[in-house]
Amino acid sequence: MNANLRRRYLRDWLMQGLVFLGTAVVLVPLLFILYYVLVQGIGALSPAFFTRPPAPPGEGGGGMLPAIVGSLVVDSLALVLAAVFGIAAGVLLAEYPDHPLNPLLRLVVDVMAGLPAILMGLVAFVVVVKPLGHFSGLSGAVALALLMIPIVTRATEGVLKLIPWELTEAGLALGLPRWRVILSLVLPAARGGILTGLMLALARGAGEAAPLLFTAFGNPYLTFNPLEPMDTLPLKLYVYAISPYEDWHRQAWGAALLLAAAIMAASFLARRTLRR
Amino acid sequence: MPEWIYRRLGDRLFATLVAVLGLGVVGAALLITVVLYQGSAEAFRTFGFFGFLTSSVWDAVRGVFGAWPPLLGTLITASLALLLAFFPALAAAIFVVEMAPRWLREPVAYLVDLLAALPSVVYGLWGIFVLVPLVRAHLELPLFTWAAARAPLLVPLLGPPTGIGLLSATLVLALMIVPYASSLARDALALVPQSQREAMFALGATRWEVVRRVVIPYARAGIFSGVVLALARALGETMAVTMLIGNAVNLPYTVFGPAATMASLIANEFTEADTDLHLSALVAVGFVLLLLSLLTNLAATWVLHRLSRKEVRR
Amino acid sequence: MGKRFFLLLGLALLGTAVARPVQLNGAGATFPYPLYAKYFSVYHRLTGVRVNYQSIGSGGGVRQLFAQTVHFGASDAPLSDAKVAEFQKKFGTDPVHIPTALGAVAVIYNLPGVKAPIRFSGKVLSGIFLGRIRTWNDPQIAKLNPDLKLPPLPITVVHRSDGSGTTYIFTEYLSKVSPAWKEKVGFGKSVAWPAGLGGKGNEGVAGLVRQTPGAVGYAELIYALQNKIPFGAVKNRAGRFVTPSLESVKAAAVLEAFPADTRVSLTDTPAPEGYPITSMTWILVYRDMKANRAVRNRAEAEALAKLLWWVVHDGQQYNEPLHYARLPGVAVQVTERNLRTLTYGGAPLLR
């Protein structure tokens with residue numbers, strides 16, 4: 001083995017070590033945080049936590065039922081909105097590269113991604129709450145969707161662009177029209193990346209409390225109607241975490257754990273169904 | 001004629017639908033701009049646009065507002081966090097796509113994405129109770145005592161080693177933006193055609209050489225998109241930074257000492273601002289953040305443009 | 001069959017319309033949120049009236065009251081004269097302040113080895129928060145605490161970074177007792193702090209104070225009590241060193257001349273037993289509720305008036321178990337008078 005080759009192997013070995021180290025640098029704090037959330041939150045998860053409305057401090061036995069239902073409703077609405085607009089915008093950017101709207105679209109999407117969530121709440125307040133005259137789960141969903149759209153669009157565009165052009169050519173050669181090629185060949189081939197984007201977006205939206213303060217507002221009474229004020233988990237987490245009471249703190253950690261676990265489960269299931 | 005409907009009309013309808021939805025996104029962005037601009041009009045009228053940008057006094061009691069300190073704080077934290085996050089994020093993507101044994105790929109990718117799934121409040125709480133004491137005891141105090149003994153000139157630059165401040169906030173921010181950079185990089189790497197790698201291996205290249213010479217250059221655009229997304233996230237991240245940065249709107253900032261970002265300032269004062277001018281100044285900070293985001297993205301577009309031009313030339 | 005179906009449907013709809021419980025929405029201060037959660041939960045059990053109160057911050061609460069998206073707002077600071085005038089001009093009626101509880105701001109610290117409560121005076125507190133008194137063994141602190149052995153530790157000042165009623169009360173107190181503070185910083189929910197670290201929320205401040213030896217900060221008394229954080233005694237106007245407690249806080253509000261609109265500052269109280277950094281927290285409503293678009297009918301207005309009456313009477317028993325001080329009799333009497341002036345379209349709501 002000559003010196004040059006040995007140097008190359010050494011370098012290969014070293015760089016692989018660095019890659020490994022870099023990965024560890026990312027994963028170790030994550031495990032640290034997950035462990036922390038688990039330890040703090042596990043004690044709060046009781047049947048009452050899932051089935052009861054909240055209770056005042058000192059009474060005990062309260063739960064998160066309205067917040068769990070509210071989160072499900074608000075987040076799914078937001079996800080649907082973000083998916084429809086976000087994926088469509090991504091398709092436009094990647095599959096119709098010459099569309100006159102594109103330079104502007106790409107720019108505004110990236111700019112939107114850099115805005116703090118609380119401003120999206122402000123916009124939803126002006127656009128939805130003010131005209132309706134009252135707070136609603138729907139306005140919260142609009143605020144979250146504004147947060148999520150850039151992530152979905154970016155992910156969709158990124159993945160679609162990386163789908164080999166040969167796939168589209170093959171489809172067109174088979175005599176399929178453009179729209180069928182996109183819907184039946186390109187998007188399915190890209191579904192993994194799009195799904196990652198949707199899950200990232202969901203994770204981002206589902207954990208935000210600030211834009212919900214003056215949109216979804218909160219509600220200690222169970223409701224399924226998105227036109228009424230609705231409770232959500234991050235809002236409850238936030239409000240309980242800043243309270244002075246021990247039993248509310250515990251529930252805040254329970255909410256954090258539930259939130260993280262739900263998003264973990266959602267993205268896990270999504271990946272599983274994809275692989276089938 | 002059904003064939004005609006299926007083809008021509010179908011194509012046209014689909015393109016229109018996609019364009020209308022895309023237009024909806026543009027419309028939403030314009031709406032945001034208009035709402036923010038209207039909200040900030042009073043502050044800009046009072047202080048002037050450049051006066052507002054360059055003044056470094058933020059005093060709600062006297063009703064004097066300048067955006068320079070939080071603007072600087074955002075620039076520092078976001079760029080440092082990006083610098084810190086880039087290599088680990090890329091490493092995690094390379095590990096998953098190029099090096100990990102098959103059974104380990106999915107779990108590691110999943111775990112990295114999970115970083116994005118944790119609410120930002122949780123990062124903040126974890127930061128206060130776990131990270132800050134660690135940073136103070138094992139990073140700031142040793143550095144500070146070393147500087148005090150050996151390099152007294154550095155002391156005013158370092159600032160008080162309390163654990164709360166720029167450094168801790170930046171560390172947590174870096175961790176939070178890793179999944180955004182990493183997941184797009186991963187997708188980009190995964191879509192590099194296998195034939196490219198095989199050709200390189202056939203030439204006798206080592207694994208690292210394949211990654212360095214073929215895979216990364218091929219996936220460059222995707223990696224860069226991830227970086228832009230991560231930067232955007234870093235600019236706007238609010239809750240965790242607010243809990244860790246110490247929130248001092250006074251210049252000068254120090255490495256360990258407290259600072260403020262635009263997002264943290266808005267989060268701190270938005271719900272309690274009671275004069276119209278104060279509220280308007282906060283919305284104006286949001287508008288400045290929008291402009292900053294716009295500028296960084298224009299710069300990114302330009303870079304991306306150059307990246308792809310180089311590709312053509314080669 | 002069809003007829004009967006529609007009849008049943010109609011009855012069912014009518015039933016839901018009649019049985020639909022009154023729901024009142026309120027928004028505002030975070031400080032009384034736990035107490036209001038308790039009040040409204042008990043009140044729901046007693047009367048079936050649903051009250052949805054959300055703590056979006058006092059400033060937010062006032063803004064929502066102006067935007068008429070809520071039945072009532074809640075604030076830790078009374079409306080300023082300018083705001084009251086704006087309200088009257090906009091809506092043709094007054095805002096009514098209904099006090100519900102008293103709170104105090106405790107001076108919390110982390111000083112290892114010091115057991116007895118440290119004594120502070122207004123002058124020393126302002127010196128510390130201005131960044132002029134920098135170590136714990138400073139002669140000015142030592143003079144107030146001759147029995148304590150104070151270490152030569154540097155003082156780390158910790159303050160709230162988010163706009164808050166707590167900051168308002170604390171800085172308003174400092175402005176009253178220290179001309180230097182008034183001139184250099186002034187008071188408000190967010191001020192330009194000359195020194196120190198900013199923590200978000202009570203838990204942020206408490207977390208920083210707990211973790212930093214030599215730290216001093218301020219937090220709601222409830223927070224210090226519930227989380228067992230040491231806090232100091234503060235010299236009041238009568239010259240006594242008073243530790244904050246439910247009694248000393250309530251004592252601060254026993255004033256000879258209690259103003260009719262209850263908009264009164266209790267800091268630096270003249271009451272000899274009173275703790276000097278004390279304040280009330282208020283619920284805000286429209287005097288003529290018809291002027292508020294959120295109040296849809298007389299039934300809602302009546303329900304709100306009855307709720308407020310209950311809060312300042314029977315509701316008060318829930319204050320102390322949660323570490324909020326009760327309203328003294330004089331405040332209740334004034335508030336009763338104010339509640340009787342509430343109207344809907346000119347017709348009084350309470351008899």
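Any value given below was found using the heavy atoms of this structure, including those in side chains, with hydrogens, waters and symmetry copies removed. The structure presented is a predicted model; accordingly, all values stated were derived computationally and were not measured. Just so it is clear: chains get the letters A, B, ... in the order the sequence lines come, proteins before strands, and each one is counted from 1.
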Can you run down the salt bridge (charged side-chain N to carboxylate O under 4.0 Å, His left out) pairs that involve residues 201-220 of chain A, sequence neighbours left out, and say none if there aren't any? Arg204(A)-Glu208(A)
Can you see which heavy atom on Val129(A) is nearest to which on Thr69(C), and at what distance? CG1-CG2, 4.4 Å
Is any side-chain heavy atom of Asn219(A) less than 4.5 Å from a side-chain heavy atom of Gln23(C)? yes
Considering only heavy atoms, which portion of Glu220(C) lies under 4.5 Å from any heavy atom of chain A: side chain, backbone, both, or neither? neither
Contact part of Pro54(A) toward chain C, heavy-atom cut-off under 4.5 Å: side chain, backbone, both or neither? neither
Residues Trp248(A) and Pro34(C): closest non-hydrogen pair is CH2-CA, 3.8 Å
Let me know if Arg50(C) has heavy atoms under 4.5 Å from chain A in its side chain, its backbone, both or neither. both
Does atom NZ of Lys83(C) have more than 12 heavy-atom neighbours, drawn from other residues, nucleotides or ligands, at distances under 6.0 Å? yes
Please give me the minimum heavy-atom distance between Pro56(A) and Ala37(C), naming the atom from each residue. CG-O, 3.8 Å
Heavy-atom pair of closest approach, residues Gln54(C) and Phe217(A): CG-O, 3.1 Å
Does a sphere of radius 6.0 Å around CZ in Phe50(A) hold more than 12 heavy atoms from other residues, nucleotides or ligands, not counting ones at 6.0 Å or beyond? yes
Kindly give the heavy-atom pair with the smallest separation between Pro220(A) and Val51(C), and that separation in Å. CG-O, 4.2 Å
Measuring from atom CZ of Phe135(A) to atom CG of Asn52(C), what distance do you get when rounded to the nearest 0.5 angstrom? 9.5 Å
According to side chain to side chain contact (heavy atoms under 4.5 Å, CB included), who are the partners of Asn319(C), at least two apart in sequence or on a separate chain? Leu35(C), Tyr39(C), Ala101(C), Gln316(C), Tyr324(C), Arg326(C)
Less than 4.5 Å apart, side chain to side chain, heavy atoms only: is that true for Phe125(A) and Arg63(C)? no
How close do Val49(C) and Tyr221(A) get, counting heavy atoms only, and between which atoms? O-OH, 4.3 Å
Does atom CZ (Phe20(A)) have a neighbourhood of more than 12 heavy atoms from anything else shown, all under 6.0 Å? no
Report the distance from atom NE2 of His134(A) to atom CD of Gln64(C), rounding to the nearest 0.5 Å. 13.0 Å
Working to the nearest 0.5 angstrom, can you tell me the gap between Leu212(A) CG and Ile56(C) CD1? 12.5 Å
With a 4.5 angstrom heavy-atom cut-off, which part of Tyr36(C) approaches chain A: side chain, backbone, both or neither? neither
